[in-house]
Amino acid sequence: MSEANSGAGRVTREQRGAIFLIGLDRAGKRNAFDSAMLEDLALAIGEYERNDELRCAVIFAHGENFTAGLDLLELTPKLVSGGFKYSDLGIDPWGVSRPRRTKPMVLAVQGTCWTAGIELILNADIAVIASNARFAHLEVLRGIPPSGGSTVRFTQAAGWADAMRYMLTGEEFSAEDALRMRLVNEVVEPGQELPRALEYAERIAKAAPLAIKATLRSAFQARDEGHDAALSQLNELLFTLIRTDDVREGVMAMMQKREPQFQGR
Ligand SMILES: C[C@H]([C@H](O)CC(=O)SCCNC(=O)CCNC(=O)[C@H](O)C(C)(C)COP(=O)(O)OP(=O)(O)OC[C@H]1O[C@@H](n2cnc3c(N)ncnc32)[C@H](O)[C@@H]1OP(=O)(O)O)[C@H]1CC[C@H]2[C@@H]3CCC4=CC(=O)CC[C@]4(C)[C@H]3CC[C@]12C
């Protein structure tokens with residue numbers, strides 16, 4: 001890890017028990033996403049998906065800022081020629097292309113959080129931001145539309161008027177605005193965003209992993225395929241899980257007045 005990597009983008013990985021910390025590591029370029037960092041972030045999420053020991057991921061950024069968005073100089077030619085594609089082992093961090101992640105993702109955000117950073121927040125499950133965070137959807141000022149999910153998810157979270165105000169003008173908005181528009185869960189003092197995100201992750205990691213996945217699956221299905229599709233699958237999800245050891249453990253723990261120890265089976 002380097003506090004001021006100005007070279008090719010990369011992400012750091014750290015396992016803390018059942019929690020996987022993934023750190024954007026290109027602070028010297030304000031954590032702008034070049035193709036290497038896009039690829040490495042997707043790979044890290046793929047590693048998280050495949051490791052059964054890991055129950056929650058926390059994405060954060062090294063340095064003072066979360067991200068300056070895309071490195072347009074490096075990536076535009078690759079996007080123009082269709083030359084950028086995630087490896088088969090990666091998972092799209094923005095949930096634009098398939099396969100989707102099946103495990104929870106918590107974000108800790110500070111400082112500048114432009115474009116792709118907002119879209120990462122909108123594809124996460126929980127986001128904690130520092131009061132110094134500032135946001136902008138600059139894409140229309142660079143000649144492109146927001147393409148990492150905001151046209152769908154910003155409008156859903158904030159409503160048409162606010163989402164269009166910021167996506168059509170590129171105007172900056174504050175941490176308080178992000179909270180008011182329900183893009184994030186909590187605003188904390190600068191420096192507290194990662195510890196607070198880890199508190200959420202620890203709570204998630206203590207819950208039953210199959211139930212966590214089922215909850216995400218149903219919510220994703222509702223978002224992608226509509227309410228009827230998700231509601232029609234709810235009983236099946238429940239009947240599949242009700243037979244698991246984790247349900248037995250949950251009931252036993254309740255009876256014995258102790259913390260449950262879930263195994264994910
Ligand atoms: C296409 C989208 C994406 O949303 C598009 C964008 O992000 S456009 C916006 C690009 N960003 C900017 O224009 C910001 C420019 N920078 C600034 O405003 C300022 O630098 C700052 C305010 C951030 C910081 O100011 P400072 O004064 O503090 O510092 P400064 O001196 O200016 O900078 C310090 C050094 O850092 C360098 N720097 C800063 N910003 C950048 C930058 N953006 N790029 C490179 N370098 C930067 C600066 O030059 C200085 O360097 P020195 O060396 O010190 O001079 C994409 C969003 C999601 C993507 C999709 C996701 C899903 C997909 C799946 C697929 O399968 C295919 C692809 C895709 C569809 C994927 C495609 C792209 C996206 C859609």
Side-chain angles (χ1 to χ4, degrees), residues 2-11 22 24-46 49 59 61-101 105 107 109-124 127 129-130 132-155 163-164 166-175 178 183 190 220 223-224:
S2 137
E3 261 303 289
N5 173 31
S6 295
R10 61 195 178 197
V11 304
I22 302 173
L24 308 181
D25 186 13
R26 201 183 181 216
K29 296 283 183 184
R30 306 295 185 263
N31 289 317
F33 281 96
D34 60 356
S35 50
M37 197 155 86
L38 281 183
E39 176 66 10
D40 207 20
L41 180 58
L43 281 175
I45 297 174
E49 272 288 328
I59 299 183
H62 296 281
E64 302 292 311
N65 301 288
F66 190 73
T67 182
L70 210 67
D71 186 330
L72 287 169
L73 282 181
E74 195 269 348
L75 250 166
T76 305
K78 294 191 175 166
L79 292 172
V80 166
S81 64
F84 178 79
K85 191 181 168 303
Y86 296 122
S87 100
D88 290 343
L89 292 174
I91 298 220
D92 180 0
W94 285 270
V96 170
S97 54
R98 307 270 174 150
R100 291 276 162 79
R101 69 184 165 90
M105 201 158 95
L107 247 65
V109 171
Q110 79 281 14
T112 303
C113 180
W114 289 168
T115 63
I118 303 170
E119 292 178 312
L120 262 189
I121 288 177
L122 286 164
N123 189 45
I129 62 172
N132 68 1
R134 58 198 190 114
F135 304 88
H137 258 304
L138 298 170
E139 289 91 338
V140 292
L141 306 179
R142 306 288 182 263
I144 49 178
S147 313
S150 269
T151 50
V152 176
R153 297 175 192 139
F154 198 169
T155 49
M164 286 304 157
Y166 292 112
M167 287 194 294
L168 297 181
T169 64
E171 191 184 333
E172 192 176 314
F173 57 94
S174 67
L183 305 189
F220 279 140
R223 196 163 81 177
D224 293 344

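In this chain, numbering begins with 1 at the start of the sequence shown. Ligands are counted one by one from 1 in listed order, and the atoms in each one are counted from 1 as well.
Atom 20 (O) of ligand 1 is not flagged as protein-proximal [any protein heavy atom, distance under 4.0 Å]. There is no protein heavy atom closer than 4.0 angstrom to atom 27 (O) of ligand 1. Protein non-hydrogen atoms do reach within 4.0 Å of atom 75 (C) of ligand 1. Atom 69 (C) of ligand 1 is never approached by the protein to below 4.0 angstrom, counting heavy atoms only. At least one protein heavy atom sits closer than 4.0 Å to atom 5 (C) of ligand 1. Checking atom 51 (O) of ligand 1 against the protein gives a heavy-atom contact under 4.0 Å. Inside a 4.0 Å radius of atom 43 (N) of ligand 1 there is at least one protein heavy atom. Note that atom 1 (C) of ligand 1 has protein non-hydrogen atoms nearby, at separations under 4.0 angstrom.
Residue contacts with ligand 1, taken as heavy atom pairs separated by less than 4.0 Å, involve Glu119 solely via side-chain atoms from C-beta onward. Contacts between Ser97 and ligand 1, counted as non-hydrogen atom pairs separated by less than 4.0 Å, involve the side chain only.
Near Ala116, meaning under 4.0 Å from any of its heavy atoms, are these atoms of ligand 1: 4 (O), 57 (C). Less than 4.0 angstrom separates some heavy atom of Arg134 from each of these atoms of ligand 1: 22 (C). Every atom of ligand 1 with a heavy atom of Ile144 under 4.0 Å away is listed here by number and element: 1 (C), 5 (C). Within ligand 1, the atoms closer than 4.0 Å to a non-hydrogen atom of Trp114 are 14 (C), 17 (C), 18 (O), 22 (C), 23 (C), numbered from 1 in the order shown. Applying the 4.0 Å criterion to heavy atoms of Gly69 picks out, from ligand 1, the atoms 7 (O).
Distance check: Ile118 CD1 to Tyr166 OH gives 10.5 Å after rounding to the nearest 0.5 Å. Rounded to the nearest 0.5 angstrom, Leu183 CG and Glu119 CD are separated by 11.5 Å. Between the CD atom of Glu139 and the CD1 atom of Ile144 there is a distance of 6.0 Å, given to the nearest 0.5 Å. Atom CH2 of Trp94 is separated from atom CZ of Phe33 by 4.0 Å, given to the nearest 0.5 angstrom. Residue Leu70 holds its CG atom at 6.5 Å from OG1 of Thr76, rounded to the nearest 0.5 Å. Between the CZ atom in Phe66 and the CG atom in Asn31 there is a gap of 8.0 Å [rounded to 0.5 Å].
Among Arg26, Glu139, Lys29, the residue whose heavy atom sits closest to atom 49 (O) of ligand 1 is Lys29. Taking each of Ala32, Ala27, Ser35 in turn, the one with a heavy atom nearest to atom 41 (C) of ligand 1 proves to be Ala32. Considering Asn65, Asp71, Leu70, Thr115 only, the shortest heavy-atom separation from atom 73 (C) of ligand 1 involves Leu70.
Considering only non-hydrogen protein atoms, atom 30 (P) of ligand 1 sits nearest to Arg30 NH2, 4.2 Å. Tyr86 OH, 3.9 Å is the protein heavy atom nearest to atom 63 (C) of ligand 1. The protein non-hydrogen atom at the shortest distance from atom 40 (N) of ligand 1 is Ala68 CB, 3.3 Å. Regarding atom 61 (C) of ligand 1, its nearest protein heavy-atom neighbour is Trp94 CE3, 3.6 Å. Of the protein's heavy atoms, Arg142 NE, 2.6 Å lies nearest to atom 13 (O) of ligand 1. Summary of contacts: the protein heavy atom closest to atom 58 (C) of ligand 1 is Gly148 CA, 3.8 Å. For atom 60 (C) of ligand 1, the closest non-hydrogen atom of the protein is Ser147 O, 4.3 Å. The protein non-hydrogen atom at the shortest distance from atom 67 (C) of ligand 1 is Phe84 CD2, 4.2 Å.
A donor-acceptor distance shorter than 3.5 angstrom exists from the side chain of Gln110 to the backbone of Ala61, with no hydrogens or angles considered.
The shortest distance between side-chain heavy atoms of Met37 and Val11 falls below 4.5 Å. Two residues are said to be in side-chain contact when any heavy atoms from C-beta on lie closer than 4.5 Å; Leu41 and Ile59 meet this criterion. Annotation: side chain of Arg134 is in contact with side chain of Thr112 (closest heavy-atom distance under 4.5 Å). Within the 4.5 Å cutoff, no side-chain heavy atoms of Ser147 are placed close to those of Val96. Put simply, the side chain of Leu38 reaches to within 4.5 Å of the side chain of Leu75, judged on heavy atoms.
Under a 4.0 angstrom heavy-atom cut-off, Gly28 registers as being in contact with ligand 1. Residue contacts with ligand 1 leave out Pro146, since none of its heavy atoms falls under 4.0 Å from the ligand. Within the 4.0 Å heavy-atom shell around ligand 1 one does not find Arg98.
Distances between N or O atoms of Asp92 and those of ligand 1 include no value under 3.5 Å.
Contacts of Asp92 classified as side-chain hydrogen bond (donor to acceptor under 3.5 Å, both in side chains), with partners at least two apart in sequence or in another chain: Tyr86, Ser97.
Residue pairs satisfying the salt bridge (charged side-chain N to carboxylate O under 4.0 Å, His left out) criterion with at least one member in residues 141-152, sequence neighbours excluded, are absent.
Listed here is the closest heavy atom pair of Pro146 and Met167: CG-SD, 3.9 Å.
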Let's go through Arg30 and Trp114 carefully: what are the C-alpha distance in whole Å and the side-chain angles of both, what is the deciding distance for side chain to side chain contact (heavy atoms under 4.5 Å, CB included) to 0.1 Å, and is it a yes or a no? CA-CA 10 Å; Arg30 306 295 185 263; Trp114 289 168; over 6 Å; no
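Residues Asp40 and Arg26 are not paired through a salt bridge, judged by the lack of any N-O separation under 4.0 Å between the basic side chain and the carboxylate.
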